[in-house]
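Report on the structure given below.
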4 protein chains.
Amino acid sequence: MENSLRARTKSDVVVEFREAEIIDAVRRVIARSGFRNTSMEKVAEEAGISKGTLYLYFKNKEDLVRKATERGHAEMARSIEKLAQATIDPDDAIATYVRAMLVFCDQNEILFRAMDARPDSDGEKSATSVNRRIDHYVTILERIIDDRIQAGTYRKVHSRRVARMIVEAVRGVVIERLREPVGQRGDVENDVEMIVSVFGRGMSA
Amino acid sequence: MENSLRARTKSDVVVEFREAEIIDAVRRVIARSGFRNTSMEKVAEEAGISKGTLYLYFKNKEDLVRKATERGHAEMARSIEKLAQATIDPDDAIATYVRAMLVFCDQNEILFRAMDARPDSDGEKSATSVNRRIDHYVTILERIIDDRIQAGTYRKVHSRRVARMIVEAVRGVVIERLREPVGQRGDVENDVEMIVSVFGRGMSA
Amino acid sequence: MENSLRARTKSDVVVEFREAEIIDAVRRVIARSGFRNTSMEKVAEEAGISKGTLYLYFKNKEDLVRKATERGHAEMARSIEKLAQATIDPDDAIATYVRAMLVFCDQNEILFRAMDARPDSDGEKSATSVNRRIDHYVTILERIIDDRIQAGTYRKVHSRRVARMIVEAVRGVVIERLREPVGQRGDVENDVEMIVSVFGRGMSA
Amino acid sequence: MENSLRARTKSDVVVEFREAEIIDAVRRVIARSGFRNTSMEKVAEEAGISKGTLYLYFKNKEDLVRKATERGHAEMARSIEKLAQATIDPDDAIATYVRAMLVFCDQNEILFRAMDARPDSDGEKSATSVNRRIDHYVTILERIIDDRIQAGTYRKVHSRRVARMIVEAVRGVVIERLREPVGQRGDVENDVEMIVSVFGRGMSA
DNA sequence: CATGAATGAGCCTTCATTCAT
DNA sequence: TATGAATGAAGGCTCATTCAT
């Protein structure tokens, strides 16, 4: 029984490792070629395995791409949450989130590019999954803003919209940063300070 | 000669008309189905012509899609410029642009959706074309901001980044607006006021 | 309008011709290689067209194969019916059908082989379509036998089973005939006479 | 040496046992899903072993399927031969064979279905193997008929063809029987009697 | 002996593009 | 100019087969 348990665990580890390897490959391919030009062939080549093997770990292409982007968002969420929990001062709440997003994108340029590409909405389905994730950050910020409004720190603004504005503004700053050579990007902290100060003053009572 | 000239001219008109018709069709298809599911077949059907005819007016699919989105941006630019030129007061410059963008997107939902869908960058090429257009607005806003900084109205901020933030923030607001039923979207002016006031205060000296 | 009608008709003729060409090709491939080894590639090659063209005339492989076998049975049915209607004497009814089947198979060896190959029943579905067709002949013979029983010419036998036996016996004779070199097959009429006499005596009152 | 011999023998038994297990599994899968949907995966699962193990006992899929159907025929042959040897009266020879075939198919519905499906002749090879087996029964019946013709019991008929007709007729009756619910199939003996009487009278001098 | 992960050839299908009419 | 039938490259997916463990 212990044997069986250990075997199971070992197998699980291998499976997880393979999945992670493949997902990393997908991200690189998407970041390099875009969704449209991401073929199973390319992914297999990038992962250093054969096409058929992909289907041992993922049901089909949709499944693979969805899991890759979802895992990307999950990683970002975890990273952000981790940073955010270290902060208690509500005055720094927004700064914390902005900083977390910025740092994460800075350090995961490939991942950001992969997530920023829209999975070519076939009408709705796949796009929804990505949007739902982004909405998550919007909602978190929305709540923070609401709190500050009730606390009297912020004036009465349409919190949902401002929250969305912040997320998109951060996205915009990331785009600008990624265009600059790494050496000239300047300290992340400067951009954090700028975003926070603009929105902070913008909403202050 | 005059004859030939007139014929030429007439022919040109017809060509432009056909191109415009096709481009409209492309936009509708993209807005409805996303880039991935936009086939030449669908476009031809939507335009009420045959597949082969598309190739008389556009070199290939990439050319067609690129021109469709570029023309979209051109239209937006023209529309915005038109609105912007009516304004002289520098205090209202940003408000004018924000309002123009918002109004335009509100009234051209299909075009916005088509332009917002990312053309599945095949690495870099096509995406660049879209980004270059967006950059145009960023640059305009950047100059306005620079002017106000020099005028002492705004404090010293990284004008390029804030300009980008504004553009992306507007995009965010449009996304939120388009999610709401048309009747409940609220007056555009409210959103304009909100965006302008947030960024205005945010940058005020 | 006449024009449009004529154009339509002409196009229809072309389409029908192409479909028939392709269906002939499918039959040859099935007869030669069996269902399992009948690929769209082989069919296209046999028909002298490209793979993609097949999909202009048939929805997919299943559609193509189904129509090919169904049309085969329809042809056989038409041919048999034609021969059968020329006969009025009820004493010759069975002989007529047997002769018709035998002659048809003799002259359409490829079609017979194609139809005799079993469509790789995916459990039930596709096989049903073929079996239903064969059942048709069984049912016709069943009625003839019932008539003769009531007329007192035949003794009381399980008409359905005997009808099935006759159809399968004919199939058996066809198989034997097709194994012999064409020159040595002997006159069809001899085989007809033999089958009819065996079953005629076998059922006689 | 004795040791080696004993080991060898024991090993042989195991091998045969495994082969039989696998062949049984193949039959069940074929009967359930048809040839087309019979994959090595399914067979392995049905046999409760791994895919790779199949290749320890059979060279490849073709070999496996061929042996499975051949063994099916061998079983039927053995069963028939057993019944036939109990009969001495030449008048009952045909009845004995017909009864044996019918009883065997009745009791081995799965096997019959597996054998009746055509193994998708890849040109000729595999089909031949099946046909050769069926030919065996035809040949036996052919000899019986020849004997009876020489004995003056039967009139002069084309013995080969009639033998084939009988085999196929039996097949037809089996098909009809298998379509009926088990409870309503009627006694096998009735069908035996019917077939024998039809062909007996049909060939009587 | 047994396993099952890995492979890759081969299949079906789609779709941008061409060209004869 | 306009058409749409034809093409064929390319993509997603399956499955018989192999091989390291």
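The chains referred to below are lettered A, B, ... by the order of the sequence lines, with proteins before strands, and numbering in each begins at 1.
E62(A) places its CD atom 19 Å from the P atom of dG11(F), with the value rounded to the nearest Å. Nucleotide dC1(E) holds its C1' atom 16 Å from the CZ atom of F17(D), rounded to whole Å. Rounded to an integer number of Å, the gap from NZ of K59(B) to P of dA16(E) is 16 Å. Between E19(B) atom CD and dT1(F) atom C1' the separation is 14 Å, expressed in whole Å. The CD-P distance, from E41(D) to dT3(E), rounds to 13 Å in whole Å. Nucleotide dA9(F) holds its P atom 18 Å from the CG atom of N37(A), rounded to whole Å. Rounded to a whole Å, the CZ atom of F58(D) is 15 Å from the P atom of dA16(F). Following rounding to the nearest Å, M40(B) (CE) and dA16(E) (C1') show an atom-to-atom distance of 7 Å.
Nucleic acid contact class of S39(B) (heavy atoms, under 4.0 Å, all strands): sugar-phosphate only. L54(A) comes within 4.0 angstrom of nothing in the nucleic acid, heavy atoms only.
Listed pair T53(A) / dA6(E) fails the phosphate criterion, with no side-chain N or O lying under 4.0 Å from OP1 or OP2. In terms of phosphate contacts, R18(B) brings a side-chain nitrogen or oxygen within less than 4.0 Å of OP1 or OP2 of dA2(F).
Listed nucleotides dT3(F), dA5(F), dA16(F) differ in distance to Y57(C); the shortest reach to its side chain belongs to dA5(F). In this structure, the nucleotide among dT7(E), dT7(F), dT3(F) sitting nearest to the side chain of L56(B) is dT3(F). Here the side chain of K61(B) is nearest to one of dA6(E), dA16(E), dT7(F), namely dA16(E). Here the side chain of K51(C) is nearest to one of dA10(F), dG12(F), dT3(F), namely dA10(F).
When each of Y55(A) and V15(B) is assigned the nucleotide of DNA chain F bearing its nearest heavy atom, the one mapping closer to the 5' terminus is V15(B). Annotation: of the two residues near DNA chain E, I49(A) and V14(D), the 5′-most nearest-nucleotide partner is V14(D).
Between R28(A) and D24(A) no salt bridge is recorded (no basic side-chain N to carboxylate O distance below 4.0 Å). At a threshold of 4.0 Å, the pair E46(C)-R27(C) does not count as salt-bridged, since none of the basic side-chain nitrogens sits closer than that to a carboxylate oxygen.
Using modelled atom types, no side-chain atom of K42(C) and backbone atom of V26(C) make a donor-acceptor pair closer than 3.5 Å.
To the nearest 0.5 Å, atoms CZ (R66(B)) and CZ (F58(B)) are separated by 10.0 Å.
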query = Can you list the steps and then say if L64(B) with K59(B) is a side chain to side chain contact (heavy atoms under 4.5 Å, CB included)?
reply = CA-CA 7 Å; L64(B) 173 52; K59(B) 193 182 154 197; over 6 Å; no
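Using Watson-Crick or G-U wobble geometry with both donor-acceptor distances under 3.5 Å, dT14(F) finds its partner in dA9(E). Pair assignment for dA20(F): dT3(E), on the basis of Watson-Crick or G-U wobble contacts that are both within less than 3.5 Å.
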